[in-house]
Q: 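One structure, as structure tokens, below. Some questions next.
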Amino acid sequence: MLTLSKISQSFYRGTVNEKHALRKVSIEIAEGEFVTVIGSNGAGKSTLLNVVAGKLHPDSGTVTIEGHDVTRLSDHDRASMIGRVFQDPRAGTAPELTIEENLAIAYTRGKARGLRRGVTKHRRDLFASELATLEQGLESRLKTRVATLSGGQRQALSLLMATFSQPKILLLDEHTAALDPQRAALVVRLTRELVERHRPTTLMVTHNMEQALELGDRLIMMHDGEIVVDVSGERKARATVADLLSAFEEVRGAELSDRTLLG
Amino acid sequence: MIVATELGLLYAVMALGVYLTFRILDFPDLTVDGSFTSGGATAAVLLVNNVNPFLATAAGFGVGCIAGVITGILHTKGHINGLLAGILTQIGLYSINLRIMGGANVPLLRTSTLMTPLREAKLLGTWSSAAIFGAVALAVLALIVWFLHTDLGLAMQATGENEVMARSFGISTDRQKILGLALSNGLVGLAGALVSQYQGFADISMGIGLIVAGLASVIIGQAIFGSRNILNAAVAVALGSVLYRLAIQVAMDVGLDPNDMKLMSALLVVLALVLPQWSVVRRISGLRAAYRGAGPQGALTADEYIDDVDDLEIAAKAKGE
């Protein structure tokens, strides 16, 4: 269970460039729920994710994970509960380390890291069987440096690393945006499989409306720092890209008429 | 030749420390010039006061660790640029080193040190002592290679390669940097303790410009012997240290003054850094780039959160037109 209550976050406060990225955003996400997040440029989607991850500390409001208030915890202190996959395929892995060493780092998420060997026989077997589920042949390349993998393979590995260590929460930040359509489709399929298998509470930001409809069981649309659309269940399953576009137009239209009235 | 090899092997301990910060943590640490002298000075003063040579040498390691922790805290908690943090510690240590020694130097001529048994057996300056120093360097090297393959060591490597990734898996990158700087300067202090016993004195200028010698060992060693993996890279650093001392020896033999050596060292490092960038050299020799390609580093800035392409906006516009 992930609860955000009345989160406000602004950038460049007190200057002419002041930007309210989030305005008193509240949302409750049930355990195991998979939420896709869409919204226009600067709507606050990534800010929302970064507030959950602890990369940003909000001006006001609280973040609660399974009843624990984590608002003031730093990103690495929360990382025992949170798995992340970034837009940049290079961001989720250490390039000069081998595949198995990267997995060892993911495996020790939330555990004390001491002077035990990072890659043991037991762990290597586990890593190989996990990698096999990706169907990328990576299980036979455990000692390969990650820098030599393609973007799609690195993103698939990042996804595995973020999920197999069983975080309570999974944050996906436009993790297919930097890939070509074929690789993106692969990563989408793996996302579905891995989320189904490990059942983390998932927040996925995407720019691709079809992807937002295809994946997950709840969809929210953000605009100007607020959640303006929140659909789930049957309604989400039936929604189409056209529905989303007209909902978006409606929000923008309302904003325009407000401005006209004020003007 | 033998003396240069001996020195190279002793200084290899220092070079391995520099390797930890410069390559593993991607942190050019200038503390080294100060912490080397601190290690040498501490060991020398303890030896003069009849402390067991092994304990005195270990104290050199300990003092180096403390120096590293100070630089680490200045950088991570004080948010001071890494180069500046190192320089500040180094300058501060200059005064502290004078205090430790109670003067500009401490002679060890009639003091019993780790080198005394070797000197009495007339082994110094022979291949036997070189072999002994080689064993010491090898032990340090083995410890580093082992450490970097533990869970903690992998966390340190990840910190140097990709901070975003490291933090997302719960690694406190600040703590890793402080630990890495402590270990690195501990080794540098240990090398200082060994060198002061080898040369029979500690003095205030023994560490000046040492960072350049350390970088030269790392860069030259890895350019020649490679850095395919940690073991390969660490062995290359140790061999690089020996090569560096041999090169200095050769320069002296052809008539250069010891006073010219700092300039020679600096030029050597410049060459080793610049040559691999020239495509001609790369093509001919297949020299490995002195810089390792690193992943995206540092925290994302506020701008990046709100600065991205947007399908919705584009789609909405397209529909409106």
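In the text below, chain A, chain B and the rest are named by the order of the sequence lines, each starting its count at 1.
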Q: Measuring from A:Leu2:CG to A:Thr202:OG1, what's the distance to the nearest 0.5 Å?
A: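 Answer for the CG-OG1 pair, A:Leu2 versus A:Thr202, is 10.5 Å.
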
Q: Would you say B:Arg175 has more than 12 foreign heavy atoms packed within less than 6.0 Å of its CZ?
A: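 No, the 6.0 Å shell around CZ holds no more than 12 heavy atoms from other groups.
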
Q: Are the side chains of A:Glu101 and A:Val119 in contact, using a 4.5 Å heavy-atom criterion?
A: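 A side-chain contact under 4.5 Å exists here.
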
Q: State, with a plain yes or no, whether a side-chain heavy atom of A:Ile38 is found less than 4.5 Å away from one of A:Phe248.
A: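 In short, these two side chains do not touch, never coming nearer than 4.5 Å.
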
Q: Taking side chain as everything from C-beta outward and backbone as N, CA, C, O, which of these in A:Ile82 sits under 4.5 Å from a heavy atom of chain B? Side chain, backbone, both or neither.
A: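 Backbone of A:Ile82 only, per the 4.5 Å heavy-atom cut-off to chain B.
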
Q: Would you indicate whether the side-chain heavy atoms of B:Val188 and B:Met14 approach each other to under 4.5 Å?
A: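 Touching, per the 4.5 Å side-chain cut-off.
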
Q: So does A:Lys45 pair up with A:Asp173, basic N to acidic O under 4.0 Å?
A: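 Salt bridge absent between A:Lys45 and A:Asp173.
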
Q: Among A:Arg117, A:Lys111, A:Arg78, which residue forms the greatest number of heavy-atom pairs with chain B at distances under 4.5 Å?
A: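 Option with the top pair count is A:Arg117.
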
Q: What part of A:Met81 lies closer than 4.5 angstrom to a heavy atom of chain B: side chain, backbone, both or neither?
A: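 Neither; nothing under 4.5 Å.
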
Q: Is it true that the side chains of B:Ser35 and B:Asn185 contain a donor and an acceptor less than 3.5 Å apart?
A: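 Judged by distance alone, the side chains do pair up.
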
Q: With a 4.5 Å heavy-atom cut-off (strictly below), which parts of residues 140-152 of chain B touch chain A? List them by number.
A: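 Listed by number: B:Trp146, B:Phe147, B:His149, B:Thr150, B:Asp151, B:Leu152.
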
